[in-house]
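See structure below.
Below, each value reflects all heavy atoms present in this structure, side chains not excepted, and no hydrogens, waters or symmetry copies. Whatever order the structure lists ligands and atoms in, that order sets their numbers, starting from 1.
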Amino acid sequence: MRVLVALGGNAMTAPDGSASADDQRKAIAESCRPLAELVEAGHELVITHGNGPQVGNILRKNELAAHELPPVSLDWCGAQTQGTLGFTIVNQLEKELSRRGITRSIVALITRTRVDPEDPAFADPVKPIGQYRDEEYARAMGEHGQHWKDFGAKGWRRVVPSPVPQEVLETATIISLVDQGSLVVAAGGGGIPVIRDGDGVRGVDAVIDKDLTAARLGHSVGAEVLIIATDVEHAVIGYGTRDEQPIDAIGAEAMRALVDEGHFASGSMGPKVAAVLQFVADGGTRGVITSLHRLAEGVAGDAGTIVTPDTPNIGRTRNTLDPRGTE
Ligand code: ADP
Ligand code: MG
């Protein structure tokens, strides 16, 4: 099967969220075991990943070096983290596969995601990034044109636009690589946000939700399964209460009803649920949310929160010119 795997924060950082180079290498080495299992089982993989803590590191360096070097913008942060994370995933996955006697071409692609310059997110930045700081710092940055928001006891945090991904510009390349038998790492951090500009595109100062991009890319490359690998085995009803109930297999309509009841937090589980719903609405066979170590079972539909379309999608055809991308 062709599978789109979206790796969350815990796949690339230490359990406490720290992201030194060593933490990242160790966590990625761990994550490559379940990925290698999928390859061994014969699946075609497109792998995408988050980059929040890694971008946080770059933003902190920006601050510390501001007296000497101009800060880099968020599109560059995206490109840089796609480079380092892609490089590390390729190395570790290659090693893990070779232990199993498997030789495969693995490629990490610098990937751009087109967003709409009229997306309402640009006028109303809400996605928090980087560290908490005090009010004085936040106000000083505000003078430089940044948006900062008061998060109460924890302090202030920068907020940036998180526009909806419209189209992954490298889609056709990704498809041809997968068709040739390569394992592809793409659209890390949701892809580098770009808008059309004259004959080409240019990067913008924004971030894109990696799970929403994963849904779009999964559809465009003709994946049958989208699996979102995170740090919990299931999405649950009544999150944070004493009677949490794991959600197992569920139809899209029933899942949408749970969304409407407000069960999924907007900055974390919400976009994952939105992503799997979009994926099955677009024709995917199933969208799965589960923990990294249940990956193989999740892909098979035997673990995690498994969302299926209300009417089975059969004989779906791949559409490289993703019509949804030009809406
Ligand atoms: P990732 O970094 O893997 O992309 P996030 O940390 O953003 O993932 O989101 C996963 C987290 O979402 C879980 O660890 C959990 O704390 C939180 N969460 C919020 N609502 C729910 C819910 N209804 N069910 C399960 N987890 C939830
Ligand atoms: Mg996280």
Is any side-chain heavy atom of [X] less than 4.5 Å from a side-chain heavy atom of [Y]?
X: Ile195; Y: Asp116; answer: no
X: Leu109; Y: Val185; answer: no
X: Val160; Y: Val126; answer: no
X: Thr13; Y: Gln54; answer: yes
X: Arg196; Y: Arg114; answer: yes
X: Ile247; Y: Phe264; answer: yes

As an exercise, identify every atom of ligand 1 less than 4.0 angstrom from a heavy atom of [X].
X: Gly9; value: 1 (P), 2 (O), 3 (O)
X: Thr230; value: 1 (P), 3 (O), 8 (O), 10 (C)
X: Phe264; value: 23 (N)
X: His234; value: 25 (C)
X: Lys272; value: 1 (P), 3 (O), 4 (O), 5 (P), 8 (O), 9 (O), 10 (C)

Have a look at Met269, Gln245, Glu233 and point out the one with the heavy atom closest to atom 26 (N) of ligand 1.
->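 Ranked by closest heavy atom to atom 26 (N) of ligand 1, first place is Met269.
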Electrostatic pair Glu253-Arg256, nearest N-O below 4.0 angstrom |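 Answer for the salt bridge query: no.
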Is it true that atom CZ of Phe87 has more than 12 heavy atoms of other residues, nucleotides or ligands lying nearer than 6.0 Å?
-> no
Within reach of ligand 1, part of Val232 (heavy-atom separation under 4.0 Å) =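 The side chain, only.
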Pairs of nitrogen or oxygen atoms closer than 3.5 Å, one from [X] and one from ligand 1: do any exist?
X: Lys210; answer: yes
X: Val236; answer: yes
X: Tyr239; answer: yes

Does ligand 1 have an atom under 4.0 Å from some heavy atom of Ala235?
-> yes
